[in-house]
Amino acid sequence: MFYPLSAFIAYRYAKSNKASQTSFVSFINRFSVAGIALGLMALIIVVSVMNGLEGQLKQRILGIVPHIEITKTPIASNSLSKTPNQKEVAETPTPNEQKSGNLSKTPTLKMQNSLSKTPTQKEVAKTPTQNEISMTPIEGVVASMDYREAEAVVQSRSDLRGVQVHGVQPDVMLEHTLVANHMEQGRFSDLTKGSFAAIIGRSLAIKLEARVGDRLRVMVAGASVYTPFGRMPSQRLVTVVGVFDMGSQMDDKVMYMNLDDVNRLMRDPKGSKQSLRLFLDDAFNYQAVVNELTDRVGVSVNNIRTWRERQGPLFDAVKMEKNMMTLMLLLIIAVAAFNIVSALVMVVTEKQGDIAVLQTQGMLPSTVMWIFVFNGLFNGIKGAGFGLILGVFISLQLNNILEAIGSPLALAADGRGLPIDMDVVQIISITLLSLLLCVLASVYPARKAMKIAPSQALQNE
């Protein structure tokens with residue numbers, strides 16, 4: 001319920017001018033407002049910078065690492081996809097089922113064909129148009145493609161490095177990966193079938209002293225064979241046709257090649273061990289896609305690999321740091337908000353005579369309480385308003401300010417300063433939380449004012 005009279009009197013008290021209050025009470029009041037403003041300003045700046053850094057990590061690292069990789073896709077028909085026994089039949093048929101009639105063999109053969117061929121996923125991966133993406137039954141998946149990854153050693157004339165060879169389909173990579181937008185030289189369309197061409201990161205090119213057009217030797221121990229001279233790894237000379245620069249720690253660990261070339265390098269030209277790579281519209285929403293794959297599609301959890309298995313600890317550390325910084329600055333705001341308690345207690349002590357007169361004229365104790373609750377709310381609005389304006393302004397001009405004082409930081413993808421990402425919902429939530437702390441801090445002095453006895457207060461006057 002809103003009390004116009006309480007709000008009017010509280011607004012007069014919240015002015016904190018020397019005519020209505022002592023200079024010390026006015027100082028405490030202004031000090032609490034300034035503390036709220038500085039705390040909220042610092043919180044908005046820090047949260048915006050942390051959001052920007054998290055976004056840069058998401059763009060640089062998760063733009064290279066597969067969001068979700070499915071090593072096998074045991075997709076059954078609609079009538080068989082949710083039956084546990086039929087899943088077991090598709091994986092390990094029992095002797096009784098092998099001896100049974102055609103009715104028991106038919107679902108097994110169909111499910112084995114779906115394991116080996118998976119026509120639906122291949123069709124989506126070959127033509128990742130918007131219409132086909134919208135028709136995908138998995139929400140959050142924008143595209144998919146056949147994919148293969150192998151651990152390898154790359155040798156140049158000057159150095160030897162361990163890398164991850166990613167066998168990809170160039171047309172899908174061109175449309176659905178950020179690496180294609182950060183190519184310094186070449187393009188993914190140069191990864192033609194049978195050319196044994198490769199695209200490497202700028203950091204790896206510097207370490208190997210390799211340029212576009214140079215040839216590198218790729219050796220894969222996982223596809224080694226035994227010869228009269230001992231165990232020999234599968235190896236091949238590849239030609240560097242492109243260089244990318246994502247500015248991440250994965251730039252010197254990844255090499256892209258055509259999927260068919262990687263299959264031949266792994267001595268598996270038919271690609272029987274290749275997997276399926278899913279591209280998500282939001283990599284952080286991977287769990288919902290995994291649940292969809294396991295519950296509705298029928299994919300085993302053991303056949304699903306997500307980006308968290310590789311980069312989860314890094315993002316957990318960033319998230320924990322962000323939460324701890326937010327908590328620390330919220331405590332600063334809380335300390336400033338509870339300075340309102342001391343200011344309002346002094347105001348209540350000073351205005352005992354006024355409160356007693358208002359009560360003798362018929363003002364209810366609850367109305368008196370709302371006067372000081374609104375007083376604390378008005379102080380919080382002033383502090384939160386100044387903090388919101390200063391926080392947004394400094395966040396927008398932070399890189400210019402750092403450059404003006406001679407301390408520029410080049411952490412953004414383009415190397416032009418700090419990445420700033422202001423989330424409107426987050427900023428509004430922080431501001432409302434600051435106001436809530438101010439209201440909570442006003443409850444104690446407001447209840448104290450409500451309990452003032454008019455007779456005793458007027459006697460003291």
Side-chain angles (χ1 to χ4, degrees), residues 56 58-67 69 125-128 142-220 234-266 271 274-275 277 279 283 307 310 412-415:
Q56 287 295 311
K58 182 179 178 181
Q59 174 182 346
R60 296 180 182 184
I61 295 179
L62 300 187
I64 298 177
V65 177
H67 297 165
E69 181 183 355
K126 290 178 181 178
T127 55
V142 296
S144 61
M145 73 174 181
D146 292 327
Y147 171 79
R148 188 158 194 170
E149 182 177 329
E151 300 289 338
V153 175
V154 178
Q155 182 182 18
S156 66
R157 295 181 179 179
S158 60
D159 204 351
L160 190 72
R161 295 283 173 176
V163 297
Q164 297 174 357
V165 179
H166 290 190
V168 299
Q169 294 181 337
D171 54 347
V172 182
M173 295 294 290
L174 278 171
E175 294 190 32
H176 299 287
T177 183
L178 292 174
V179 182
N181 299 327
H182 291 78
M183 296 293 297
E184 288 190 347
Q185 295 176 290
R187 54 188 183 275
F188 271 91
S189 58
D190 296 331
L191 299 179
T192 57
K193 179 180 178 180
S195 63
F196 283 93
I199 295 176
I200 61 177
R202 182 173 179 268
S203 300
L204 182 60
I206 293 174
K207 293 177 181 179
L208 296 177
E209 297 181 3
R211 299 180 178 87
V212 173
D214 291 349
R215 305 192 72 183
L216 305 175
R217 183 175 297 276
V218 179
M219 295 172 284
V220 182
S234 176
Q235 54 184 304
R236 192 84 183 209
L237 288 175
V238 300
T239 304
V240 179
V241 296
V243 176
F244 68 88
D245 185 13
M246 291 288 290
S248 71
Q249 62 182 11
M250 299 296 295
D251 284 8
D252 62 342
K253 299 179 178 64
V254 173
M255 169 185 289
Y256 291 104
M257 293 179 61
N258 190 284
L259 177 61
D260 294 325
D261 294 343
V262 173
N263 286 333
R264 292 174 62 184
L265 181 64
M266 296 296 294
Q274 66 189 19
S275 57
R277 176 173 175 173
F279 296 88
W307 61 267
R310 306 181 184 185
D414 54 3

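When all heavy atoms are compared, the tightest approach of Arg187 to Ser189 is NE-OG, 2.9 Å. Taking every heavy atom of both residues into account, Lys207 and Ser158 meet most closely at O-OG, 4.5 Å. What you find for Ala198 and Val238 is that their closest heavy atoms are CB-CG2, 4.1 Å. When all heavy atoms of Val218 and Ala152 are compared, the closest pair comes out as CG1-CB, 3.9 Å. Scanning all heavy atoms of the two residues, the minimum distance from Asp252 to Val163 falls at O-CG1, 4.2 Å. Nearest heavy-atom pair across Ala283 and Lys58 is N-CE, 4.1 Å.
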Intermediate values then yes/no, side-chain contact (heavy atoms from CB on, under 4.5 Å), Glu209 and Arg157 | CA-CA 8 Å; Glu209 297 181 3; Arg157 295 181 179 179; over 6 Å; no

Before giving the answer on side-chain contact (heavy atoms from CB on, under 4.5 Å), spell out for Leu191 and Met173 the whole-Å C-alpha distance, their side-chain angles and the decisive distance to 0.1 Å.
-> CA-CA 11 Å; Leu191 299 179; Met173 295 294 290; over 6 Å; no

When you look at Glu69 and Arg277, which way does the side-chain contact (heavy atoms from CB on, under 4.5 Å) test go after all the steps?
-> CA-CA 5 Å; Glu69 181 183 355; Arg277 176 173 175 173; 5.6 Å; no

Output, in order, the C-alpha distance, side-chain angles, deciding distance and verdict of side-chain contact (heavy atoms from CB on, under 4.5 Å) for Gln164 and Arg310.
-> CA-CA 13 Å; Gln164 297 174 357; Arg310 306 181 184 185; 3.9 Å; yes

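Within the structure, ring-ring contact (aromatic ring centres under 6.0 Å, His included) pairs that include any residue of residues 185-215 comprise Phe188-Tyr256 (at least two apart or interchain).
The side chain to side chain contact (heavy atoms under 4.5 Å, CB included) check on Asp251 picks up Ile64, Ser203, Phe244, Asp245, Met246, Ser248, with sequence neighbours excluded. Not counting sequence neighbours, the partners of Asp260 by the salt bridge (charged side-chain N to carboxylate O under 4.0 Å, His left out) test are Lys193. The salt bridge (charged side-chain N to carboxylate O under 4.0 Å, His left out) check on Lys253 picks up nothing, with sequence neighbours excluded. Qualifying salt bridge (charged side-chain N to carboxylate O under 4.0 Å, His left out) partners for Arg161, counting only residues two or more places apart in sequence or in other chains: Asp159. Partners of Arg215 according to the salt bridge (charged side-chain N to carboxylate O under 4.0 Å, His left out) rule, which considers only residues two or more places apart in sequence or in another chain, do not exist here.
By the 30° and 60° cut-offs, the orientation of the rings of Phe279 relative to His176 is tilted.
Rounding to the nearest 0.5 Å gives a distance of 5.5 Å between CG of Leu62 and NE2 of His67. Taking CG of Asp190 as the start and CG of Asn258 as the end, the distance is 11.5 Å to the nearest 0.5 Å. Interatomic distance, CG of Asp214 versus CD1 of Ile200, reported as 8.5 Å (0.5 Å rounding). One finds the NE2 atom of His166 at 12.5 Å from the CG atom of Leu259 (value rounded to the nearest 0.5 Å).
For Arg202, the CZ atom counts as loosely surrounded, since its 6.0 Å shell holds 12 or fewer non-hydrogen atoms of other residues, nucleotides or ligands.
Looking only at distances, a side-chain donor or acceptor of Arg60 sits under 3.5 Å from a matching main-chain atom of Gly247. A donor-acceptor pair under 3.5 Å links the side-chain atoms of Ser275 to the main chain of Tyr147, judged by distance alone.
Counting heavy atoms from C-beta outward, Gln59 and His182 have side chains that approach closer than 4.5 Å. Using a 4.5 Å heavy-atom threshold, the side chains of Val220 and Val165 count as separate. Proximity of Met183 to Ile199: side-chain heavy atoms (C-beta onward) are separated by under 4.5 Å at one or more points.
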